[in-house]
2 protein chains.
Amino acid sequence: MPPLNEQQLDQNREERREQIKKAALKVFTKRGIIGTKISMIAKEAGISQGLTYRYYHSKDELFIELVKDAMEETAEAFASLENMSSSPLEKIKELTKKMLDTSNKHSFMLIQQVQTSDEVPDKAKEIVRQYPIPSFIEQLIPVFKKGQEMGEFCKGDPAKLLMLYFSVISGLMLLPNKDEEDQALDVDILMKLIRE
Amino acid sequence: MPPLNEQQLDQNREERREQIKKAALKVFTKRGIIGTKISMIAKEAGISQGLTYRYYHSKDELFIELVKDAMEETAEAFASLENMSSSPLEKIKELTKKMLDTSNKHSFMLIQQVQTSDEVPDKAKEIVRQYPIPSFIEQLIPVFKKGQEMGEFCKGDPAKLLMLYFSVISGLMLLPNKDEEDQALDVDILMKLIRE
DNA sequence: GTCTATAGAAAGATAGAC
DNA sequence: GTCTATCTTTCTATAGAC
């Protein structure tokens with residue numbers, strides 16, 4: 001009997017998990033954790049409902065895994081601003097685009113859901129609290145202050161302005177999809193909120 | 001045997017229904033129609049779970065009734081702008097305040113839920129479609145145009161700008177409560193989106 | 001009119017066949 | 001590894017006692 005290729009098996013398993021996660025993220029962001037039935041995720045992933053449980057022990061576990069991923073992505077998006085050489089205005093604009101962009105949107109929406117809903121697992125709340133949006137925003141305060149000095153941004157408490165600004169973005173993310181062109185237009189108008 | 005005072009009985013029944021509606025609105029807006037269990041509404045209203053069904057035949061029926069109420073309130077809020085003698089800018093500002101105000105907020109949030117969620121009863125969707133937000137916004141287009149002529153508002157397609165503006169408001173309504181002072185501050189900043 | 005107890009339906013999670 | 005069938009839990013809705 002030939003030895004099984006364990007590495008290959010592991011990789012298959014990992015791919016399956018990714019497939020399930022991708023399907024789950026889509027459904028969770030659309031219908032919320034309670035509105036999402038395991039059967040929906042299975043259908044979206046093209047597998048049977050029972051098989052889902054061979055990869056994740058529960059709906060909550062799957063949800064929590066997705067929240068972890070989303071937080072890491074978000075942390076990276078904020079961190080990558082540091083390395084950009086552009087002006088404060090351009091930095092915020094870039095971040096806004098990323099957040100509203102369809103490919104990243106689901107992650108931000110998931111975090112949004114954790115922050116606003118009472119029905120998500122406590123553990124998900126904990127994870128988001130570990131690096132909460134306020135702390136992401138804190139990273140931007142120096143950027144914003146610099147922009148104020150350069151006359152790019154309006155006067156006022158940077159923390160409050162940024163908080164309002166990202167509330168608005170979060171709100172927009174929750175709304176039904178618009179097409180790409182509209183999104184691009186939106187970004188410039190949104191900047192009016194914080195520009196001089 | 002003295003004749004029963006039917007009018008009194010009717011009134012009691014009506015009060016009970018209002019009590020249940022008030023509790024339901026609170027829970028529905030917080031947890032969504034699926035996240036809301038009848039037991040939660042009953043608890044919030046301080047009655048037993050079974051009693052709820054003596055006043056409303058189903059969760060959906062109760063939800064739909066609330067949506068009707070909310071649409072009527074909203075329609076009135078928009079309509080009342082017509083009779084105001086203030087400037088276009090002041091009118092929009094007033095409407096914004098009303099929408100973000102805690103006392104009306106729940107109604108707007110319920111409508112928001114109907115528009116964005118897939119899980120609400122079809123009938124609720126229908127009711128909202130009868131007077132959908134776009135048509136509310138249409139009422140404001142003449143106001144906005146006048147504001148543009150007066151130089152109060154920025155240039156651009158009124159329909160698109162208003163749509164974005166109310167998207168932002170809707171988004172903000174979904175976020176956790178802020179205190180009154182902050183709200184007032186927000187309104188002025190939000191106006192920057194559409195001001196010249 | 002109101003409550004408690006319970007039937008019925010829906011969804012989460014598991015077991016067993018292939 | 002995957003699917004179908006089933007157990008279990010949770011919630012909606014009804015029935016019956018007071």
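Letters A, B, ... mirror the listed sequences (proteins, then strands); counts begin at 1.
Contacts between residues 14-38 of chain A and DNA chain C, defined by a heavy-atom separation under 4.0 Å, are made by A:Thr36, A:Lys37, A:Ile38.
Between A:Phe144 and the choices A:Phe166, A:Tyr165, A:Phe153, the ring-ring contact (aromatic ring centres under 6.0 Å, His included) rule is met once, by A:Phe153. Considering B:Arg13, B:Glu15, B:Glu14 in turn, B:Glu15 is the only one that fulfils the side-chain hydrogen bond (donor to acceptor under 3.5 Å, both in side chains) rule with B:Gln11. When the options A:Leu81, A:Leu162, A:Val187 are evaluated for a side-chain contact (heavy atoms from CB on, under 4.5 Å) with A:Ile92, the one that passes is A:Leu162.
For the pair B:Glu119 CD and C:dA11 C1', the computed distance is 14 Å after rounding to whole Å. One interatomic measurement links the two molecules: CD of B:Gln49 to C1' of C:dG8, which rounds to 14 Å at whole-angstrom precision. Rounded to whole Å, atom C1' of C:dA13 lies 17 Å from atom CE of A:Met40.
Inter-residue side-chain proximity for B:Leu51 and B:Ile20 is flagged as unmet; no heavy-atom pair is nearer than 4.5 Å. Side-chain contact between B:Gln19 and B:Lys22 is absent, with no heavy atoms from C-beta onward closer than 4.5 Å.
Proximity of a side-chain donor or acceptor of B:Lys192 to a complementary backbone N or O of A:Arg195 within less than 3.5 Å is detected. Although no hydrogens or angles enter the test, the distance criterion places no donor-acceptor pair under 3.5 Å between the side chain of A:Gln139 and the main chain of A:Ala75.
Of the charged side-chain nitrogens involved, none lies within less than 4.0 Å of a carboxylate oxygen, so that B:Arg129 and B:Glu126 do not count as a salt-bridged pair.
Taking every nucleotide of DNA chain D with any atom under 4.0 Å from a non-hydrogen atom of chain A, the first and last of them, 5' to 3', are D:dT2 to D:dT4.
Among the protein residues, B:Tyr55 comes within range of the sugar-phosphate backbone only, with heavy atoms under 4.0 Å from sugar or phosphate atoms but none that close to a base.
A parallel orientation is assigned to the rings of B:Phe136 and B:Phe78, their planes being inclined by less than 30° (bins at 30° and 60°).
No hydrogens or angles considered: a donor-acceptor pair under 3.5 Å links the side chains of B:Lys98 and B:Ser80.
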A correct dot-bracket answer for DNA chain D, with pairs being Watson-Crick or G-U at under 3.5 Å, [ ] for crossing pairs and | for inter-strand pairs, is ||||||||||||||||||

